[in-house]
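Only a predicted model underlies this, so the values are computations on that prediction, with no experimental measurement involved.
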Amino acid sequence: MTPDQIENAVAAEMPRAVEELTRLAAIPSVAFPGHPEEPVYAAAAMTEELLRGTGLAQVRQIPVDGSFPAVYGEAPAPPGAPTVLLYAHYDVQPAGDPALWRTPPFEPTFVDGALYGRGVADDKSGVLAHVLALRSFQGRFPVGIKVIIEGQEEYAGERLEEFVERNPELLRADAIIVADTGNPSVGDATVTTSLRGMAAFTVEVRTLAESVHSGSFGGAAPDALAALIRMLASLHDENGDVRVPGLPRGVFLGAGPAEEEFRATAGVLDGVSLVGSGSLADRLWASYAITVTGLDVPSVQGAINAVQPVARARVTVRVPPSGDPKTAANDVAEHLRHAAPWGVEASVTDLVLGSGFQADGGGRARAALDRAMERAFGRAPRDIGSGGSIPLVATLLKQYPAAEILLFGAEDDGAAIHAPNERLVIEELRRAATAEALFLADYGAI
């Protein structure tokens, strides 16, 4: 197929793909403990249905130990052609407080050329980008195709890592496209060449057998919440830099976002300073970051006058690409234990780890992607890092060291992934899918 034919084929399929994305995003496929499992299986079934309509020779769901099924598809390579593995995930983050959403999180809604709803960008846009790219070839693929769509990336991505390690031949490929990233801004063509790793755990402190009256006991009885607050506050200095021993700042060799752009995208309020030191690229892509992502304490609305006996926090550590997540988790946990006041003991549970990624220099696949993205976006792509984590990528690199791993997609920094009012710009989906299809044709023709 010519580039013009590919562009026209993707454009012709866009209305159908948007309708399918709307249906897929309406399924609340939250694969976190405590959420219903049936919607996750329903999203797997729809993903399987979508891949069956692309012309792949085989499509099936594959059980993953301790997790939800992955959806797998493949088509053999033409003689002499390379094989490309396509990755995305169909599970989504929890919606959080529905009061913070301007539209219902699982009722995808169109507003000014964008689709709003949980998962429309992260990462159901990746699923549809693959589907659009594959459909453009009508079953006559220029390369061998393998597709793996994961079902629990947001909570326990290490389960698929273990699956890959046990089944290395199933996903072996010459190039791998990970459609779970995107551009800093809409239309700003980029390839993500580094990812931070991640460690997350729950820390708990206990001080009393049970809660006691704050009037009768307050002032002498040790408050678990006050202890936890002191511990968490010790993780950063007055500038917001991480002050845990063993977690130094890093340096990213490249340009990051402008401060004004970052403030606008992050929604930083007027008069509020950014935290940390060094360039934004250093802070976002090459350094450790520690975030308290959840607290188990009484709510303000349900508060009673009592000293708290127990308090818990979920702590997430983002780790530079070259860092070790397990070591970082241990360092942070030990720091919290050392910072615990009044003889309080801190316990750490529910540890989740994911390694970072640093791409090698560009090869044959990257050159083909550069040409494809320049045509699809109207500009040559540049390299950026990502502060986010995709646990599977490091495993793929370790398992298939000769493969080129390419990270791009339809998300952008304004997509509000993992936050209220997540959205996908539909034109960005078209460009990402077009770039992927053009890449497959170019890579197969070399």
Side-chain angles (χ1 to χ4, degrees), residues 1 3 6-22 24-25 47 50-51 54 84-90 108 113-115 117 119-137 143 145 147-149 175-193 195 365-366 368-384 386 388 390 393 404-417 422-443:
M1 296 179 68
I6 289 172
E7 289 174 332
N8 292 337
V10 172
E13 282 289 332
M14 281 299 297
R16 176 184 173 190
V18 171
E19 185 274 331
E20 290 166 335
L21 176 59
T22 302
L24 186 60
T47 301
L50 290 171
L51 289 183
T54 63
V84 178
L85 172 67
L86 310 178
Y87 168 85
H89 63 88
Y90 64 79
L115 185 64
V120 294
D122 183 20
D123 182 35
K124 292 175 180 179
S125 71
V127 176
L128 267 298
H130 293 327
V131 168
L132 275 164
L134 294 175
R135 279 180 181 162
S136 66
F137 296 103
V143 295
I145 298 291
V147 185
I148 188 79
I149 310 296
I176 301 170
I177 292 180
V178 177
D180 193 14
T181 62
N183 299 322
S185 58
V186 174
D188 181 11
T190 56
V191 178
T192 299
T193 56
L195 298 168
R366 176 59 196 270
L369 179 61
D370 285 350
R371 291 188 290 269
M373 292 190 76
E374 183 167 11
R375 178 164 182 126
F377 286 85
R379 59 194 300 179
R382 57 190 177 89
D383 292 354
I384 62 169
S386 173
I390 305 175
V393 173
E404 291 187 67
I405 301 180
L406 309 169
L407 288 82
F408 68 100
E411 302 169 17
D412 69 275
D413 284 356
I417 66 171
E422 181 177 350
R423 67 102 177 94
L424 174 76
V425 174
I426 298 303
E427 181 63 8
E428 199 78 340
L429 175 61
R430 184 194 65 79
R431 284 189 285 249
T434 300
E436 182 173 313
L438 290 169
F439 162 79
L440 295 175
D442 190 327
Y443 190 48

Q: Only counting residues at least two apart or in another chain, list the ones meeting ring-ring contact (aromatic ring centres under 6.0 Å, His included) with Tyr87.
A: none
Q) At their closest point, which heavy atom of Phe377 faces which heavy atom of Ala432, and how far apart are they? A) CZ-N, 4.1 Å
Q: Scan Ile390, Leu406, Leu85 and name whichever one has a side chain to side chain contact (heavy atoms under 4.5 Å, CB included) with Val178.
A: Ile390
**Q.** Separation of Arg375 CZ from Asp442 CG (nearest 0.5 Å)
**A.** 11.0 Å
(Q) Please give me the minimum heavy-atom distance between Ala433 and Val10, naming the atom from each residue. (A) CB-CG1, 4.1 Å
Q: Take Asp188 and Thr190 through the test side-chain contact (heavy atoms from CB on, under 4.5 Å) and record every step on the way to the result.
A: CA-CA 6 Å; Asp188 181 11; Thr190 56; 4.2 Å; yes
Q: Answer yes when Arg366 and Asp383 have at least one side-chain N-carboxylate O distance shorter than 4.0 Å, and no when they do not.
A: yes
Q: Might you work through the side-chain contact (heavy atoms from CB on, under 4.5 Å) test for Ile384 and Thr193, ending with a clear yes or no?
A: CA-CA 6 Å; Ile384 62 169; Thr193 56; over 6 Å; no
Q) How far apart are the C-alpha atoms of Leu438 and Leu369, what are their side-chain angles, what is the distance that settles it, and do they pass the side-chain contact (heavy atoms from CB on, under 4.5 Å) test? A) CA-CA 8 Å; Leu438 290 169; Leu369 179 61; over 6 Å; no
(Q) Testing the basics here: between Ala175 and Phe439, what is the closest heavy-atom pair and its distance to 0.1 Å? (A) CB-CZ, 4.4 Å
Q. Does some side-chain heavy atom of Asp122 sit less than 4.5 Å from a side-chain heavy atom of His89?
A. yes
Q) With a 4.5 Å limit on heavy-atom distance, are the side chains of Leu86 and Leu134 in contact? A) yes
(Q) Please report the interatomic distance CG(Leu51) to CD1(Ile149), rounded to the nearest 0.5 Å. (A) 5.5 Å
Q. Can you find a pair of side-chain heavy atoms, one from Ile426 and one from Val18, that are under 4.5 Å apart?
A. yes
(Q) Are the side chains of Arg379 and Met373 in contact, using a 4.5 Å heavy-atom criterion? (A) no
(Q) With a 3.5 Å distance limit and no angle check, can you tell me whether Glu404 reaches the backbone of Ala365 through a side-chain donor-acceptor pair? (A) yes
Q) Does the side chain of Phe408 come within less than 4.5 Å of Thr192's, by heavy atoms? A) no
Q) How many angstroms lie between atom CG of Asp180 and atom CG of Leu407, to the nearest 0.5 angstrom? A) 8.5 Å
Q.
Between the side chains of Arg431 and Glu428, is the shortest nitrogen-to-carboxylate-oxygen separation below 4.0 Å, so that they form an ion pair?
A. yes
Q. Restricting to pairs with a member in residues 407-417, which pass salt bridge (charged side-chain N to carboxylate O under 4.0 Å, His left out), not counting sequence neighbours?
A. Asp412-Arg423
Q) Looking only at heavy atoms, what is the nearest atom pair of Asp370 and Pro381, with distance? A) OD1-CG, 3.3 Å
Q: Taking salt bridge (Lys or Arg N to Asp or Glu O under 4.0 Å) as the test, write out the residues that go with Arg16, two or more places apart.
A: Glu13, Glu20
Q) Within a strict 4.5 Å, meaning less than it, do heavy atoms of the Ile6 and Asn8 side chains meet? A) no
Q | Value rounded to 0.5 Å, distance of NZ in Lys124 from OG1 in Thr22 | A | 11.0 Å
Q: Output the distance between atom CZ (Arg135) and atom NE2 (His130), rounded to the nearest 0.5 Å.
A: 13.5 Å
(Q) On a heavy-atom basis, which atom in Ala88 and which in Ala179 lie closest, and how many Å separate them? (A) CB-O, 4.4 Å
Q. Is the shortest heavy-atom distance from the side chain of Leu132 to the side chain of Leu429 under 4.5 Å?
A. yes
Q: Please report the C-alpha distance between Val186 and Glu427 in whole Å, then the side-chain angles of each, then the deciding distance to 0.1 Å, and finally whether the side-chain contact (heavy atoms from CB on, under 4.5 Å) criterion is met.
A: CA-CA 9 Å; Val186 174; Glu427 181 63 8; 5.9 Å; no
Q.
Within the 4.5 Å heavy-atom criterion, are Leu21 and Leu424 side-chain neighbours or not?
A. yes
Q: Kindly give the heavy-atom pair with the smallest separation between Ala415 and Ala121, and that separation in Å.
A: CB-CB, 4.0 Å
